[in-house]
Structures are given as structure tokens and as C-alpha cells.
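Let me begin by presenting the structure, written as C-alpha cells, before commenting on it.
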Amino acid sequence: MNPFYQEGANLMKILYAASEATPFAKSGGLADVAGSLPKALVKDGVDARVIMPLYGDLKFRDKLEYVTNYSVPVGWRSQYCGLFKAEVNGVTYYFLDNEYYFKRRGLYGFYDDGERFAFFSRAVLETLFYIDFTPDIINCNDWQTALVPVYLNLYYRHLDKFNRIKTVFTIHNIAYQGKYGTDILEDTCGIGRRDQHIVEYDGCANFMKGAFETADKITTVSPTYAQEILDPWFSYGLDALLREKQYKLCGILNGIDMDANDPATDKHIPFNYSIDNFEEGKAKCKEALQDRFGLNKDGSPVFGMVSRMVGMKGFDLVQSVADGLVDRGIELVILGSGESQYENFFSELCARHPGRVGTYIGFEPALSQEIYAGADAFIMPSKSEPCGLAQMVACRYGTPPIVRETGGLRDSIHDSTMGDGNGFTFAGYSAHELYEACCHAQDAYNNKENWHNLVHHCMECDFSWDVSAKSYEGLYNETANLW
Ligand code: GLC
């Protein structure tokens, strides 16, 4: 038992470090988690705060309050860091400002991302000198904050304020590791020769590997993914290392923000509904969706998809079966953007099947909600899916998901063809299996009473953070008590 930390004595203090968080900046699911897990923790009496970069196109910029500024060492240089804050839903958000690094269009994808997030990670620790908040745990997320535990151990551990802080590193997607040439380590990251082995892997600087070495715990976003990444098919080269660190690895399924995703109050959908009147509500939303995409209203089921158009999401499978599904009388609505081969294919598919297929290339949050509400079933055949949130949102809107059994999809969706499930699942990464699962969904749709029960069952599923926030609290307690 750590003599400095007493459970229940004080509020547990968590600093949640992330490169994006709703409602301020979002490029993917990480932002949803960073926006909703701290909120659930606060509701449970934890003092959880979020720290993130102050991007040029951050939302609600005018609502931020300036706190102070200081210098942050980045390699041999010192860089300005401004500190701003805001409060949303009882959660304090800190924003780190440096216009050279963050006043750009978009969040990532710049030649100097390694340097930008080395700065950010170092600045997270420096900030603790200027705020009246010493966390028990810093929960870092993905490669952008992976250097926080590395720097903590190398440069701050000996200081009173820092010597009891523990770290949890959460993997949202192991595909993105923060890999660079080793030449950036000394000059840019400020990690000298003697310590470079901590972040070196396979001849590269690998930020995520540094976090695996130095964080007290490693978590990922579903129990199944925690197993999968020990296998080379999923690990992007890190399985051997993770097997070595398995003693400190676990998976906790994400939840979704039940208030922000509620068909009873959602302002983006044409008709609000709940579990009590979903038949009427979904029928109206479906009609509006069909009108919007010019689809025939002939009683066909509409299968929807909302996703980044990249290989990992299983678009190659959908591409193989799309014409077959349309021929079987299924209408498709697809929203997303990404790799041009898929953008082109689905635009062309739409042109080839007027009245049967609707494609929207781009990301448009309001339209996504219209699809969750208006579609009859939701397709998500990912090759790999650490957790996935869309399948949970689809259930909340009464839209049974058709998923491949991987990662969080396997942990949240259970096949209903044989009994009591909340969707349709298939195991192998094959177009045939996806096609078959879609056929099962279509057959089920044609049996009105069974379909009603399935939709009802989906809407009953509890994907709120209530359960998972408790698992995080347990993990934080355990971590805080480590020596
Ligand atoms: C990443 C993963 C996704 C997960 C999300 C939030 O975007 O790809 O599966 O749901 O992070 O953890």
C-alpha cells in the first residue's frame, strides 16, 4: 500500500491528457471518449480534468479563460506555452497554446507532428507547476501523449510534486504509434543518447513504445482488443513487446455519451422518438432520409454506414457485396470520406443505382445522426476495431448493427439469428460472410414482430459510461496504490 495515497481520503484526481476532446476538437473516436469519460468520472465524485492543445480551429475559442504562460523545454530550445481553461459539464479543460505548433488548419498530418506532440507532452508536465492540481494519475491517450510518462520518469520524478504521480496509457488504435527516425530524439525531443533505448524500437523512434516501457498501466478500449494486439495480425509490430508487458495491460470497453446521442432529444433528426414510440419515429426518420437521398420508398430496408473510408473499416468487403445487396432489394446509404478508391467506388455506385443508393462524401455530424435514426440496419464490417462507437450509437437509435466479430464490436454486439442478440455478426474477414449476415438481417427485417423485438432490444442496451467509468476508477485506485 502506498503510504501517501489513501483511498477515500480525498477526491481521486485524474488528469486526462488527449490530443482531441469533444466539444472542442474532434477527428475521431478518441475525442468522444475524452469528452465523455471524464464527465462520467466527475459524476461519480472523481476530480477529473482534461488537458489538450489549443488548436487554431478549436470550437468555443471565445469561451476560454486565460490563466498564465510559461516556457517549455523542447530539445535545446525553450518554447512559449499559454495556459487557458474552460468548464463544460463540471469538467475543467486546460488548453495549451503555442501558435507556431497548433495554429494550423486541422489537427494532425504535418511534417513536424513528432515535434508538436513532444512539445505538448512536455508542456503537460510543466503545466503542473502553474496550476493548483497535482493528479494521482495522468491518463495519457495514443501516441500524441505517449511521451508524458517517458518525460515524467526522466526529468520530473525526483521533484516532490511529481514523485507520487502514476500514469495510465490508453491505446485507442495501435496502428498509429508516432514513428520517426531516431535523429529526432536528441534535438527535437530532448532525449539524450543514454535514454534513447526507452523509445527506440525496430530502428525507429517509437513514441508508443516509450509509453509501454514507462507507464504504470496500459489499457485499451475493449477486452477483445487487449487480446488481439498480442497477435501480429493486429499489432503493427508491437505484439512481442506487449506480450512482455502483459502483466500491466487490460481492456475496458468504452461507453458513449447517452445525452449527446439520444433519439428523444437529438435536434439533428427530423422526428424525436424513444423506446416507447420507435416504430412511428423511425418510420418518419426513414422517410426523411430516403427523401434526402432520393431513394425509392417501396418498403425496402435501408442499410446505413457512417465511417472513415479506409481499408481498416472493411470498405473492401462492402465494395464486393454492394451490387449484390442492391440486387436483393436493399437500399444503401453511405457517409464518409477517406481513400479515393472507396470515395470513387461509392459515388459511382450511387450513380449506377439511382433511387437505390445514397452516397455522401464528407463528414457531416448532423447527417450522420439522420442515418443512425433513419436506417433500418447499420453496417460495420471492420478488419480491426479497437472499440468502435458507431455500433453503440446505432443501437441507441434502434438500428441493429451488422458487424464483424473483432475488438469492441465483438464485445458489444451479439448475433440475433439464433436467439437473443442485438445485431448480426460474422467472424471471418470475407465478403461472403458479410453478404450472408446482411441477408440474415434482411430476412429478419421481413418478419415484422421479430424485427420489432430486435429493435426494442437494441434500444434497451446500456452503453452508457456508468459501468466502464467504474472499471476505470478501480484501475486508477489500483494504480495509485502501486509503489
Ligand atoms: C479509435 C478506434 C476506435 C475507438 C476509438 C475510441 O478511433 O479506432 O475503435 O472506438 O478510438 O477509443
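Both counts, for ligands and for their atoms, begin at 1 and track the order of listing.
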Under 30°, 30 to 60°, or over 60°: which ring-plane class applies to [X] and [Y], parallel, tilted or perpendicular?
X    : Y    : value
Y156 : F162 : tilted
F207 : W143 : tilted
F24  : F60  : perpendicular
Y55  : F102 : perpendicular

Closest approach of any protein heavy atom to [atom], naming residue and atom:
atom                    : value
atom 7 (O) of ligand 1  : G29 N, 3.8 Å
atom 3 (C) of ligand 1  : E385 OE2, 3.5 Å
atom 10 (O) of ligand 1 : G388 N, 2.7 Å
atom 12 (O) of ligand 1 : H172 ND1, 2.6 Å

Check each atom of ligand 1 against the heavy atoms of [X] and keep those under 4.0 Å away; list them by number with element.
X    : answer
V33  : 6 (C), 12 (O)
N173 : 8 (O)
N254 : 6 (C), 10 (O), 12 (O)
V221 : 12 (O)

Practice problem: Begin from the C-alpha positions of D316 and Y429 and carry the test side-chain hydrogen bond (donor to acceptor under 3.5 Å, both in side chains) through to its verdict. | Solution: CA-CA 10 Å; D316 47 348; Y429 191 72; 2.4 Å; yes
Quiz prompt | Residues T170 and T219: side-chain donor-acceptor under 3.5 angstrom | solution =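 Yes - a donor-acceptor pair under 3.5 Å links their side chains.
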Quiz item: Does any N/O atom on C387 come nearer than 3.5 Å to any N/O atom on ligand 1?
Solution: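 C387 vs ligand 1: N/O contact under 3.5 Å present.
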Quiz prompt | side-chain hydrogen bond (donor to acceptor under 3.5 Å, both in side chains) partners for H172, two or more places apart | solution =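 H172 satisfies side-chain hydrogen bond (donor to acceptor under 3.5 Å, both in side chains) with N141 once adjacent residues are dropped.
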